[in-house]
Amino acid sequence: MIKLVQHLLALPVQDISLIAPQDMALCSLWNDVAVTKASSLDGLKHFPRHLEMWLANAPGDRPSTEGRRHQSLLRELVLLVQSARITMLARDELDFLARTRELVLATANSKAFSRVEELITPHIKTIESRREYLSPDLGLKALTERLQVVSSEDIQLARASDTKTLAGVALPSRGPVFRRNGQLRVLGDVPEGCTVIVENGDCVVDGFVLGRVAATNSCEVRDNIVGAVVVRDGDIRARAIINNATAIAKTGRIYCRATQSPRLIFSGSDLEVKGDALQGNYIAPSIQIEGEAFGGQYDITRQVESARFKCTDARPLTIIFRKGLSCRDYGEAPGKEMSRALSKALRLRRSRAHGLRTTQLAAREAEQFASSALMYILGGDKIKKNLADTLAAQRRLDVLSRIISGMRFLYTAAQEHLEARQSNEGIAREGTEEFQSSLSELMSDFPELQGEDPLDSDLVERKAHVLQLKNDLSGAIKNPAFVAKILIELEDNLREWFEEAKTLATFIQSNEKRLHESVGWKHLKALEGENVIKVTALRQVVKAAENLPRGDAVAMRAQSTFVRLMLRNIRTRLSLARSAREILRKTQIDFEKARTEVWNKFQVRVEDNESDEMQETGIAKGRYDAHINLYADASFLESESIPEGRHLITPGHGDEEVTYACKAGVITKLK
């Protein structure tokens, strides 16, 4: 703590207004300690004048950087108070919170610190009450333990050693390694050749990162990142990321003002660049560049947007639509144990997604059967033709949806396995058993659904086609080229069949609306309300029909062969849904265990949900120069023969804002 006090006391007059409330409160508390102990810390006698100037002029002009959130200690303590864990705080920590509020309220421009005041004031009575209960701590022991403050010289004096990885990422180095458990504040730069490792806390750097930083939580860099920063479970903020630098936020966001030729910027969430991005490699689900993107490669799963995408022969620009990201993208090669654990988690996630679709389909089908039975009971023979058309469309949609679900399962499993093998062929073999297990599970809940009538011949052929592709994949699992070929075929089939499914759903919805109107649906009491469960309504209507006079038309239709068939189909679907739901519940538990194990052991995040290629569309939006390359998959970068629609070269659109989209493996220009 004394280093922070010395640093603040040595600041030139013009920089005093830039001191953050956290730092001024710490210095103020230290001054109280010094007065009590009659300390002779050099320069401390000047503190009252510093405080007076700060109260009159703070805050000064904010630095032009995204890495300015340097009050990590204040944030940590406020969160503890907000979460009703105030009893965890020592007396000096409570003194610090009270002093911070006192100072911001006393500034001439207190409105500028309204956020700090708003966070502390609701809890001030509790803080004051707790302070009275505890004895004063003249050594500020808890604050000193919670936040360590070091200089660049301290880092250089740390013991030198060889490090092959930085937070699991292959970034070998030899030099001083400074380690800290908890919050760390670096007054100045992280020197070149030095490594800072922060466990269970944030790292705040007042200057440049010329060396390397690894942190469990966030990393705030006031100046530029020139070396490397890796954070496991937080965000990275900096002024700029330049000169072959590496910035990796495994699960969090990255914010900066500009980039210039970074070796790699990887964000597990979002990347935001306030200005221009020049050259370099960028990987993130979503990338937002407010200025120009001039050259470079952008790998995204959701969206990339820039004011303008620019390129030249010397600075080509490439956009790649990815289906998913993994630890391999930022250079963390999984060992055998990690590969097994990761493959297991991904298999369980696929099984869960497939089980969820099965459950939803069965429940939806039961509702559709109930709707048809209700319409027949109410409308009779006058709606027979329309009802028959609707049922035929529903039945085709039911089977087609199951075929699509099975194909999506195949597609995801094959894609994940291919990516693993392309990244590390030797390690990928460890996931082969899980992959084969996934394929063997695929058709276990793929019922015939034949009912009273045979399936349409083309649906029988499609189901056989999916089974054949499954067998082909199982036999060719060690042949990446063949797997890639099957993936393209799956994409083409999915795109075509999904469009047919949408057309069928639209027809059914439109036809049902007309049928509802023709039978007076809205006047039936059992169907009042917006979220009526039609299976329940059907049972109520059938039960009520038992009390109608013998020979009544409604009563006769309620006991007809058609309604009994619909009720039997409903029971079958509800039974299927219950079985699938029970399996899904167990799969969910197993997936959460596997996902937690991968994070706890290897600090690799497995997303809760797999991306839905048919529902979510990756897009690239902005103004484009000519000759910018867009690829539907990274595998096509080195391919001599690219299937149609998987690679697009922009013609150049001047100042027109254009959006390109990739859906089911095909890139198109949106209107």
Side-chain angles (χ1 to χ4, degrees), residues 62-72 75-76 79 115 166-169 183 198 200-205 209 212-225 227-242 245-260 262-277 280-291 293 296-307 319-320 322 324-327 329-332 599 603-609 611 616 618-621:
R62 304 182 76 182
S64 178
T65 176
E66 294 305 293
R68 56 174 177 259
R69 300 181 66 191
H70 284 209
Q71 301 188 89
S72 59
R75 282 200 305 275
E76 183 180 9
L79 285 173
R115 177 61 177 162
L166 189 68
V169 181
Q183 306 284 1
V198 181
N200 305 312
D202 298 326
C203 182
V204 174
V205 182
V209 172
R212 312 185 315 161
V213 174
T216 300
N217 298 330
S218 296
C219 183
E220 298 281 334
V221 183
R222 181 158 290 171
D223 285 304
N224 299 341
I225 298 174
V229 175
V230 182
V231 298
R232 291 177 175 175
D233 199 20
D235 301 336
I236 297 174
R237 295 173 180 267
R239 183 171 68 186
I241 305 172
I242 63 174
T246 296
I248 299 170
K250 293 186 178 183
T251 63
R253 295 177 170 84
I254 297 180
Y255 306 85
C256 62
R257 289 295 173 100
T259 67
Q260 181 178 313
R263 186 183 75 86
L264 173 65
I265 297 179
F266 177 96
S267 167
S269 180
D270 301 296
L271 166 62
E272 294 185 17
V273 182
K274 298 295 184 182
D276 297 334
N281 295 308
Y282 308 84
I283 303 176
S286 179
I287 301 175
Q288 176 76 35
I289 300 168
E290 294 186 11
Q297 179 172 312
Y298 297 84
D299 291 39
I300 57 105
T301 60
R302 291 198 304 265
Q303 176 173 325
V304 59
E305 184 172 356
S306 175
I319 297 172
I320 302 174
R322 298 278 297 276
L325 305 179
S326 76
C327 60
D329 293 313
Y330 52 76
E332 186 165 1
W599 174 250
Q603 286 74 55
V604 172
R605 184 79 72 190
V606 177
E607 293 300 322
D608 186 48
N609 294 306
S611 61
E616 297 181 4
I619 64 172
K621 182 178 181 182

Going through the checks in order, is the side chain to side chain contact (heavy atoms under 4.5 Å, CB included) test met by I283 and Y330? CA-CA 9 Å; I283 303 176; Y330 52 76; over 6 Å; no
Residue that, paired with I287, satisfies side chain to side chain contact (heavy atoms under 4.5 Å, CB included) out of I300, I265, I254, D299: I300
Are R75 and D202 close enough for a salt bridge, meaning some N to O gap below 4.0 Å? yes
Between R232 and W599, is any pair of side-chain heavy atoms under 4.5 Å apart? yes
Stepwise, does the side chain to side chain contact (heavy atoms under 4.5 Å, CB included) test hold for I236 with I225? CA-CA 10 Å; I236 297 174; I225 298 174; 3.8 Å; yes
What distance separates Q297 CD from I319 CD1, expressed to the nearest 0.5 Å? 10.5 Å
Tell me the closest heavy-atom pair linking V213 and C203, and the distance in Å. CG1-SG, 3.9 Å
Going from OG1 on T259 to CD1 on I241, what distance comes out if it is rounded to the nearest 0.5 angstrom? 7.0 Å
Is it the case that the side chain of E220 and the backbone of H70 share a donor-acceptor pair, with hydrogens and angles ignored and the cut-off at 3.5 Å? no
Quick one: closest heavy-atom pair of R253 and S267, and the distance? CA-OG, 3.7 Å
Between the side chains of T246 and R263, is a donor N or O closer than 3.5 angstrom to an acceptor N or O? yes
Working to the nearest 0.5 angstrom, can you tell me the gap between C256 SG and E272 CD? 9.5 Å
Return the minimal non-hydrogen interatomic distance between A167 and V230, and the atom names on each side. CB-CG1, 3.6 Å
Between I289 and A277 the two heavy atoms that sit nearest each other are CD1-CB, 3.9 Å
In terms of the angle between their ring planes, are Y282 and Y298 parallel, tilted or perpendicular, with boundaries placed at 30° and 60°? parallel
Does one side chain, of R237 or S218, offer a donor that lies under 3.5 Å from an acceptor on the other? no
Can you check side chain to side chain contact (heavy atoms under 4.5 Å, CB included) on D329 and R322, steps first, answer last? CA-CA 11 Å; D329 293 313; R322 298 278 297 276; 2.7 Å; yes
Please find the pair of heavy atoms, one from S72 and one from V204, that lie closest to each other, and give the distance. OG-CG2, 4.0 Å
For a quick test of reading the model, state the closest non-hydrogen atom pair linking D270 to S286 and the distance between them. OD1-CB, 3.0 Å
